[in-house]
Each structure stands twice: as C-alpha cells, then as structure tokens.
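One structure is given here, and the rest of the page talks about it.
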Amino acid sequence: MNAQLKKGLLDVCVLSVLRRGESYGYKILKDLSPYVDLSESTLYPILRRLEAVKCLDVHSVEHEGRLRKMYTITETGRQQILDFLKDWKEVETIYQYIKEGIDGD
C-alpha cells in the first residue's frame with residue numbers, strides 16, 4: 001500500500017479509537033490490533049502529529065506511580081474523520097472504475 005495513503009488511514013484509525021473515549025498509547029494499540037498491524041514506534045509519531053495539528057488534546061495522569069499520557073479527540077479531530085469518510089466515497093468510485101477496467105479484460 002502506498003505510504004501516504006496508509007499514513008492517512010492510520011491517522012483516522014487512531015482518531016476513531018479516541019472518538020470512543022479518552023485513551024492512552026498501549027490501549028490504543030490494543031484496540032486497533034484486530035484491524036491494523038501497528039507498532040509503538042509508528043503510533044507515537046502519529047499521536048504527536050495529531051496533537052500538533054490540534055486533532056488531540058493531551059494531559060498526564062498518575063497511574064501506579066507513573067505518569068501516563070491520556071489522549072482525547074478534539075472537534076478538529078472529529079472533523080478530520082468526517083472529511084475522511086467524505087473523501088473515501090470518492091476513493092470507492094475510483095476503485096470501482098479501475099476494477100471494472102480490469103474485470104473487462
């Protein structure tokens with residue numbers, strides 16, 4: 001899969017987990033694991049990037065004597081999901097066009 005396309009998909013996957021409620025890195029990985037193969041080394045740059053563009057709010061809480069970063073989706077993040085879904089309809093149309101061309105061979 002094209003790296004740029006995958007990057008956009010992973011961003012939306014992370015936002016979708018957070019749309020269900022506040023979470024932290026390890027739990028996000030666990031929630032996504034049935035759907036996406038994602039490592040910590042991939043997730044944390046995504047979280048930093050989404051925070052930088054104001055799609056996430058981040059705060060720390062103490063958990064078992066350590067600080068844990070908690071992530072919450074913002075309205076900008078919710079809008080990014082909606083934009084993705086709108087754009088995905090166009091991708092599906094293009095996919096069908098390409099597939100019909102191959103099936104017709």
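For the numbers below, each heavy atom of this structure counts, side chains included, while hydrogens, waters and symmetry mates do not.
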Do Leu82 and Arg78 have side chains that get closer than 4.5 Å, going by heavy atoms? no
Of all heavy-atom pairs linking Leu18 and Tyr71, the shortest is CD2-O, 3.4 Å
Answer yes or no: is there a side-chain heavy-atom contact under 4.5 Å between Ile46 and Leu38? yes
For this session: Could you tell me whether the side chain of Val53 reaches within less than 4.5 Å of the side chain of Thr76, counting heavy atoms only?
Result: no
Are Tyr44 and Val61 grouped together when hydrophobic residues (ILVMFWY) are joined by side-chain heavy atoms under 4.5 angstrom apart?
no
Would the distance check show the side chain of Ser60 and the main-chain N or O of Lys69 forming a donor-acceptor pair, the cut-off being under 3.5 Å? no
ask   = How far apart are the C-alpha atoms of Met70 and His63, what are their side-chain angles, what is the distance that settles it, and do they pass the side-chain contact (heavy atoms from CB on, under 4.5 Å) test?
value = CA-CA 11 Å; Met70 300 298 292; His63 178 75; over 6 Å; no
Interatomic distance, OG1@Thr72 vs CG@Leu56, rounded to 0.5 Å, equals 8.0 Å
Output for pair (Ile28 CD1, Cys13 SG), nearest 0.5 Å, gives 12.0 Å
- Evaluate the side-chain contact (heavy atoms from CB on, under 4.5 Å) criterion for residues Ile81 and Ile73: first the C-alpha distance (whole Å), next the side-chain angles of each, then the deciding distance (0.1 Å), finally the verdict. CA-CA 10 Å; Ile81 293 171; Ile73 192 169; 3.9 Å; yes
Working note: Asp87 + Val91, criterion side-chain contact (heavy atoms from CB on, under 4.5 Å); need CA distance, chi angles, decisive distance, verdict.
CA-CA 7 Å; Asp87 292 344; Val91 171; 5.5 Å; no
Between Ser41 and Ser39 the two heavy atoms that sit nearest each other are OG-OG, 3.0 Å
Check your understanding: Just wondering, are more than 12 heavy atoms of other shown residues or ligands nearer than 6.0 Å to CD in Glu90?
Key -> no
Output for pair (Tyr24 OH, Lys30 NZ), nearest 0.5 Å, gives 7.0 Å
Note: Asp11 and Gln80 closest approach over all heavy atoms is CB-NE2, 4.1 Å
> Do you reckon Phe84 sits in the same ILVMFWY cluster as Leu32, going by side-chain contacts under 4.5 Å, direct or chained?
Replying inline: yes
Separation between CG (Leu47) and OG (Ser23), nearest 0.5 Å, reads 9.5 Å
Taking CZ in Arg49 as the centre, count heavy atoms belonging to other residues, nucleotides or ligands within less than 6.0 Å. Is the count above 12?
yes
In this structure, CD of Gln96 is separated from NZ of Lys99 (nearest 0.5 Å) by 6.5 Å
When rounded to the nearest 0.5 Å, the distance separating CG of Leu50 from CG of Asp57 is 12.0 Å
query: Given Trp88 and Leu9, is the side-chain contact (heavy atoms from CB on, under 4.5 Å) satisfied, shown in steps?
result: CA-CA 10 Å; Trp88 193 255; Leu9 287 171; 4.0 Å; yes
Q.
Could you check whether atom OH of Tyr26 has more than 12 heavy atoms from other residues, nucleotides or ligands sitting under 6.0 Å from it?
A. no
